[in-house]
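We're numbering straight along the sequence, starting at 1. Atoms within each ligand, like the ligands themselves, are counted from 1 in listed order.
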Amino acid sequence: MIDTKDYLVAPGHCVRLHDIATKDNGGLTKKEGMQAIRSLSKRLFELQDLLYAQRAKSLLIVFQAMDAGGKDSTTRRVFTSVNPSMLMVRSFKKPNTEELSHDFLWRVHQHTPPKGVIGVFNRSHYEDIVTVGVNQLQPSKLWQSRFEHINSFEKMLVGEGTMVLKFYLHISKNYQKERLQRRLDRADKHWKFEFADVDAREHWDEYLALYSEAIERCSTATSPWYVVPSERRWYRDLVVLQSIVNTLDALQMDYPEPEFDPNSVKIP
Ligand code: ATP
Ligand code: MG
């Protein structure tokens with residue numbers, strides 16, 4: 001079992017993504033890692049069933065990363081074993097006119113998971129600090145007030161029964177180049193290529209600095225951030241899976257007791 005605390009950002013801890021490794025294996029071989037992933041996937045399936053049976057809590061997973069950082073493939077691979085009818089995945093793109101006419105949390109709040117359900121945000125309200133800040137899409141005073149608003153929002157979610165886990169899938173600028181090149185080299189990936197992703201590389205350092213600040217200021221004891229080394233995909237999946245399973249295991253869930261004696265019921 002790997003120690004996911006190595007990737008957890010302790011509240012108040014200084015974060016400098018520039019200095020954090022993007023590749024790791026936790027001392028495991030790929031074969032060992034894949035074996036661990038298989039057993040954690042099975043456990044996640046059981047835990048998801050318990051979560052739904054109890055309908056007392058929900059779990060929100062947030063993924064953020066630089067372009068081509070692997071948010072989609074992590075979602076696909078980590079949740080491959082779970083029941084899709086109790087999973088809600090939502091990708092947040094550039095806000096439309098209606099979304100922009102509301103406060104920045106309006107569009108995300110509608111998609112937080114109801115009790116019993118696991119929700120995945122592929123990009124999230126953190127875009128409203130990082131992308132908005134780097135590209136100066138809104139006045140500084142406005143987006144700078146959002147660290148505090150996000151902390152209050154997530155605190156409210158946790159207080160109301162939604163657990164929150166946030167994962168920054170960390171890659172290097174060189175690795176991103178390889179992944180973007182792949183979208184040019186492979187005919188089945190051409191549809192993914194966007195010139196905007198290449199343009200954003202010019203602002204790499206600013207993105208990393210603002211992500212560092214957001215992660216540092218918004219990692220709390222109840223709504224933590226994990227910085228996941230993501231250049232080995234199997235290890236990235238393992239860190240995310242293990243963190244989710246640990247969180248759900250800590251609930252010590254059992255199937256709810258029926259309010260009747262099942263032996264006394266005769267089905268005609
Ligand atoms: P892929 O990995 O498949 O490219 P993606 O998440 O990058 O998926 P895209 O449609 O390519 O999806 O990009 C979505 C874009 O929307 C990103 O550039 C992201 O920064 C931007 N975006 C998301 N939320 C906001 C927001 N609140 N404000 C401004 N831009 C946003
Ligand atoms: Mg994209």
Side-chain angles (χ1 to χ4, degrees), residues 17 22 60-79 88-112 119-151 153-154 166-173 175-215 217-218 228 230-231 233 236-237 240:
L17 287 171
T22 52
L60 173 64
I61 312 285
V62 171
F63 289 126
Q64 287 286 160
M66 297 297 277
D67 289 302
K71 294 175 276 79
D72 282 331
S73 72
T74 308
T75 305
R76 174 166 49 83
R77 291 157 58 132
V78 164
F79 297 102
M88 277 173 54
V89 181
R90 178 77 196 182
S91 298
F92 292 100
K93 309 289 183 187
K94 283 195 177 68
N96 62 27
T97 315
E98 190 188 13
E99 288 166 344
L100 281 173
S101 71
H102 290 269
D103 67 85
F104 77 108
L105 292 170
W106 179 80
R107 72 165 178 167
V108 288
H109 197 178
Q110 305 170 56
H111 298 286
T112 54
V120 178
F121 280 2
N122 181 339
R123 300 191 187 271
S124 66
H125 40 296
Y126 284 89
E127 293 284 329
D128 295 278
I129 291 179
V130 179
T131 300
V132 169
V134 169
N135 299 290
Q136 298 173 16
L137 302 178
Q138 284 169 357
S140 304
K141 202 169 164 231
L142 185 65
W143 65 260
Q144 275 167 2
S145 65
R146 291 177 174 168
F147 298 96
E148 219 179 299
H149 294 318
I150 286 181
N151 283 339
F153 172 61
E154 292 178 0
K166 300 169 290 190
F167 298 97
Y168 178 76
L169 308 179
H170 192 25
I171 58 168
S172 64
K173 197 174 176 186
Y175 182 82
Q176 187 197 46
K177 189 175 178 183
E178 278 172 35
R179 303 302 295 178
L180 292 178
Q181 186 61 46
R182 195 163 164 266
R183 293 178 180 185
L184 292 171
D185 295 342
R186 281 182 50 173
D188 62 332
K189 301 283 175 199
H190 288 167
W191 66 275
K192 278 195 154 201
F193 186 81
E194 293 208 45
F195 287 96
D197 295 352
V198 178
D199 296 341
R201 283 172 62 77
E202 278 176 36
H203 299 289
W204 182 273
D205 289 339
E206 294 153 69
Y207 271 103
L208 237 55
L210 210 39
Y211 264 125
S212 301
E213 186 179 354
I215 293 169
R217 292 178 62 179
C218 301
V228 184
S230 297
E231 292 187 18
R233 282 174 291 165
R236 169 200 71 192
D237 299 344
V240 173

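For atom 28 (N) of ligand 1, the nearest non-hydrogen atom of the protein is P95 CD, 3.4 Å. Taking atom 24 (N) of ligand 1 as the reference point, the nearest protein heavy-atom neighbour is R107 NH2, 3.0 Å. In terms of protein heavy atoms, atom 6 (O) of ligand 1 is closest to R123 NE, 2.6 Å. Regarding atom 2 (O) of ligand 1, its nearest protein heavy-atom neighbour is R183 NH2, 3.8 Å. Shortest contact from atom 30 (N) of ligand 1 to any protein heavy atom: T131 CG2, 3.7 Å. The protein heavy-atom contact nearest to atom 8 (O) of ligand 1 is K93 NZ, 4.0 Å. Residue, atom and distance of the protein heavy atom nearest to atom 27 (N) of ligand 1 are D128 OD1, 2.9 Å. Protein heavy atom nearest atom 16 (O) of ligand 1, with residue, atom name and distance: K94 N, 3.1 Å.
Counting only distance, with no hydrogens or angles, the side chain of T22 and the backbone of H170 share no donor-acceptor pair below 3.5 Å. At distances below 3.5 Å, not a single donor-acceptor pair connects side-chain atoms of Q138 with backbone N or O atoms of V132.
For K173, the NZ atom is densely surrounded, since the number of other residues' heavy atoms within 6.0 Å is greater than 12. In the displayed structure, Q136 atom CD is contacted under 6.0 Å by at most 12 heavy atoms of other residues, nucleotides or ligands. Within 6.0 Å of CD in E148 there are 12 or fewer heavy atoms belonging to other residues, nucleotides or ligands.
Salt-bridge check for R123 with D67: passed, with a basic side-chain N closer than 4.0 Å to an acidic carboxylate O.
Looking at ligand 1, you'll find an N or O of K71 within less than 3.5 Å of one of its N or O atoms. In terms of N/O distances under 3.5 Å, ligand 1 is not approached by K192.
Counting atoms of ligand 1 from 1 in the listed order, those under 4.0 Å from a heavy atom of F92 are 23 (C). Atoms of ligand 1 found under 4.0 Å from any heavy atom of D67, numbered from 1 in the order shown, are 7 (O).
For N135, no heavy-atom contact with ligand 1 is shorter than 4.0 Å. Residue-level proximity to ligand 1 for H125 is absent, since no heavy atom of it falls below 4.0 angstrom.
For the pairing with F121, the ring-ring contact (aromatic ring centres under 6.0 Å, His included) check across Y126, F167, F92 returns one residue only, F92. For the side chain to side chain donor-acceptor pair (under 3.5 Å) test with E127, the passing option among Q64, K94, K93 is Q64; the others fail.
Contacts classified as salt bridge (charged side-chain N to carboxylate O under 4.0 Å, His left out) and involving residues 135-147 (residues at least two apart or in different chains) are not found.
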For residues 178-185, tabulate all N or O donor-acceptor pairs below 3.5 Å that involve a side-chain atom, not counting sequence neighbours.
residue, atom, partner, partner atom, Å
Q181, NE2, D185, OD1, 2.9

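For atom 22 (N) of ligand 1, the nearest non-hydrogen atom from the set M66, R179, E127, Q138 belongs to E127.
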